[in-house]
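These notes are about the structure you will find just below.
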Amino acid sequence: MDQVARQDVPYEGPERVLSGMQATGNLHLGNYLGALKRFVPLADEFETLYCIVDLHAITEWQEPRTLAANTRAVAAAYIAAGLDPERSIIFNQSQVPAHAELAWILSCVARIGWMNRMTQFKDKAGKDREKASLGLYNYPVLMAADILAYKATRVPVGEDQKQHLELARDIAQKFMNDYDVPGFFPLPEPLIGEQAARVMSLRDGTRKMSKSDASDMTRINLSDSDEDIAQKLKKARTDPEPVPSAAEELGRRPEAANLLAIHAALGDETIEAVMARHGGETFSAFKEAMTARAISVLAPIRERMKDLLADVPALDATLGEGAERARAIAAPTLAEAKRIVGFVG
Ligand code: AQP
């Protein structure tokens, strides 16, 4: 990333937290441990906005009815995981036009050279890059707009989003430099968890757990039944050695390290504590403990999601109210950005 000269004018607005998740499919344990679980305590400390990023979702093809269902499923997951829509602003991005409008302005600030370095685009577009949508390429600029429209100062994300956050900071800084408006935007800080910042596939400890992985056995979905959870953990790949008991072993044993990290994060304890208790056991014994813990955490979320999804009008009303509150925060920032750029009206 080209370094953008930093101006030494601090941002003086309020602290604000924003994050989002795509409505591209079932949320999984990686989304939960890497991001969603961490959203909840932040609401005690800060003004929080959590969106369902449906504009981002269509950067890859989404069947319209499935997109609508997935949008509601993510909203339900937010609430089921413990977010209170009275305290946190929960909404879907497409209901707030400021995201797309600011994204256009910021697209004209971001440089193609910066965008070409984004590893997520390279991963998602794969070899057939010419056929990827322009939206997929521009995804990180829209993400910068999501954050900067609210002048959010902190963004809880999994480790895979770190590069996009750095880009958002560079875009904010270049906007302020180009238009000579120091301190207009904050330089948002990623909040990356110490635990489970990168949950890996259950079938390959070197690949990230992902919604778009063709095999459902690679991930635990928040909608999975107890039986599914048990089955997936039973089949999770391990190695022939017993459960590790020392940190030095973890580097060469990615699948074992991943299971230990998941178990630790689900129980809010350290990997060291898990190794002290389970080190030397067989994986089948450890997986039983893991299954019990995973079900005890995930089953209540799943059941609450089902209840919430049974009342679609209520869920849509919650999203509508959230969007109204979000529009009220974003509107003055967008109006000011337009004025700064020189737009009339
Ligand atoms: N495996 C993961 N470990 C930790 N955190 C993760 N996140 C995603 N996967 C992991 C975090 O979850 C948040 C929401 O992600 P997203 O839905 O916006 O998009 P994503 O990162 O592209 O998630 P997926 O599941 O990998 O989707 P696909 O398969 O569509 O690419 C983010 O904070 C992300 O860091």
Side-chain angles (χ1 to χ4, degrees), residues 21-37 63 66 69-70 72-74 76-78 80-82 158 160 195-245 249-250 253-269 271 273-275 277-310:
M21 292 200 177
Q22 293 198 74
T24 43
N26 255 323
L27 292 188
H28 53 70
L29 196 58
N31 299 132
Y32 175 67
L33 293 174
L36 179 52
K37 183 181 178 206
E63 198 281 314
T66 310
N70 285 336
R72 295 186 179 111
V74 178
Y78 280 0
D160 57 328
Q195 283 191 317
R198 195 171 175 83
V199 176
M200 309 309 277
S201 157
L202 297 178
R203 309 294 295 172
D204 178 351
T206 63
R207 289 169 63 88
K208 168 180 110 123
M209 184 178 284
S210 159
K211 294 184 207 114
S212 51
D213 197 308
S215 165
D216 198 53
M217 293 304 282
T218 59
R219 60 184 165 259
I220 292 176
N221 304 304
L222 295 189
S223 58
D224 280 350
S225 66
D226 293 353
E227 295 71 34
D228 290 335
I229 296 172
Q231 189 65 4
K232 287 177 179 180
L233 287 178
K234 198 169 166 196
K235 293 255 164 81
R237 188 167 160 191
T238 51
D239 54 43
E241 297 174 55
V243 172
S245 39
E249 296 175 53
L250 300 178
R253 301 180 61 190
E255 282 85 16
N258 187 38
L259 294 185
L260 287 174
I262 291 173
H263 192 65
L266 281 169
D268 293 316
E269 58 178 345
I271 293 183
V274 176
M275 285 194 293
R277 212 168 45 254
H278 294 283
E281 278 179 10
T282 62
F283 270 103
S284 61
F286 176 61
K287 284 176 170 181
E288 274 179 36
M290 232 187 133
T291 301
R293 181 175 281 184
I295 290 173
S296 75
V297 173
L298 299 178
I301 297 177
R302 178 189 67 222
E303 296 308 315
R304 178 99 178 92
M305 276 178 74
K306 275 190 205 155
D307 291 344
L308 290 159
L309 287 166

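All values below come from the heavy atoms of this structure, side chains included, with hydrogens, waters and symmetry mates left out.
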Can you list the steps and then say if R277 with E269 is a side chain to side chain contact (heavy atoms under 4.5 Å, CB included)? CA-CA 11 Å; R277 212 168 45 254; E269 58 178 345; 2.8 Å; yes
Just verifying a value: how many Å separate N258 CG and R237 CZ, rounded to the nearest 0.5 Å? 12.0 Å
Can you tell me which residue pairs pass the ring-ring contact (aromatic ring centres under 6.0 Å, His included) test with a partner in residues 281-309, sequence neighbours excluded? H263-F286, H278-F286
Taking it one step at a time, do R219 and N221 satisfy side chain to side chain contact (heavy atoms under 4.5 Å, CB included)? CA-CA 6 Å; R219 60 184 165 259; N221 304 304; 3.3 Å; yes
The reported gap from CD1 in I271 to CG in L250 (rounded to nearest 0.5 angstrom) is 6.0 Å
Are the side chain of N31 and the backbone of H28 linked by a donor-acceptor contact shorter than 3.5 Å? yes
Heavy atoms from other residues, nucleotides or ligands near CD of E288 exceed 12 (cutoff 6.0 Å): no
Would you say that L29 contacts L298 through its side chain, given a criterion of any heavy-atom pair below 4.5 Å between the two side chains? yes
For A292, side-chain contact (heavy atoms from CB on, under 4.5 Å) partners two or more places apart: none
Run the salt bridge (Lys or Arg N to Asp or Glu O under 4.0 Å) test on D228 and R302 for me, step by step, so that the C-alpha distance in whole Å, both residues' side-chain angles and the decisive distance to 0.1 Å come before the verdict. CA-CA 12 Å; D228 290 335; R302 178 189 67 222; over 6 Å; no
Donor-acceptor under 3.5 Å (D204 side chain, S201 main chain): no
Y32 versus I220: any side-chain heavy-atom pair under 4.5 Å? no
Does the E255 side chain pair with the main chain of G205, one donor and one acceptor, at a distance under 3.5 Å? yes
With distance as the sole test, does E249 use its side chain to make a donor-acceptor pair with the main-chain N or O of S245 at under 3.5 Å? yes
K287/E281 salt bridge by N-O under 4.0 Å criterion: no
Could you tell me which residues satisfy side-chain contact (heavy atoms from CB on, under 4.5 Å) with S212, sequence neighbours excluded, listed by chain and number? S210
Residues A76 and L309: closest non-hydrogen pair is CB-CG, 3.8 Å
Taking 4.0 angstrom as the limit, do D213 and K208 come out as a salt bridge? no
4.5 Å side-chain heavy-atom contact, V243 and T282: no
Quick check: closest heavy atoms across A196 and L33, and the distance to 0.1 Å? CB-CB, 3.7 Å
Any chance you could measure T206, atom OG1, to M200, atom CE, to the nearest 0.5 Å? 6.0 Å
I'd like to know if the side chain of Q231 and the backbone of M217 have a donor-acceptor N/O pair within less than 3.5 Å. no
Just do the side chain to side chain contact (heavy atoms under 4.5 Å, CB included) check on K234 and I229 with the steps written out, would you? CA-CA 8 Å; K234 198 169 166 196; I229 296 172; over 6 Å; no
Give, for atom CG of L27 and atom CG of L222, the distance between the pair rounded to the nearest 0.5 Å. 5.5 Å
To the closest 0.5 Å, what do you measure between CG (N70) and CD (Q22)? 10.5 Å
Locate the shortest heavy-atom distance separating N26 from K211; write the atom from each residue and the value. O-CG, 3.4 Å
Under the side chain to side chain contact (heavy atoms under 4.5 Å, CB included) rule, what do K232 and D216 come out as? Steps first, then yes or no, please. CA-CA 9 Å; K232 287 177 179 180; D216 198 53; 2.9 Å; yes
Nearest atoms (heavy-atom pairs only) where R198 meets D160: NH1-CB, 3.7 Å
If you compare all heavy atoms of L259 against all heavy atoms of M290, which two are closest, and at what distance to 0.1 Å? O-CE, 3.5 Å
For the side chain of R203 and the backbone of K235, is there at least one donor-acceptor N/O pair under 3.5 Å apart? yes
Which pair of heavy atoms, one from M209 and one from L202, lies closest together, and at what distance? CE-CG, 4.0 Å
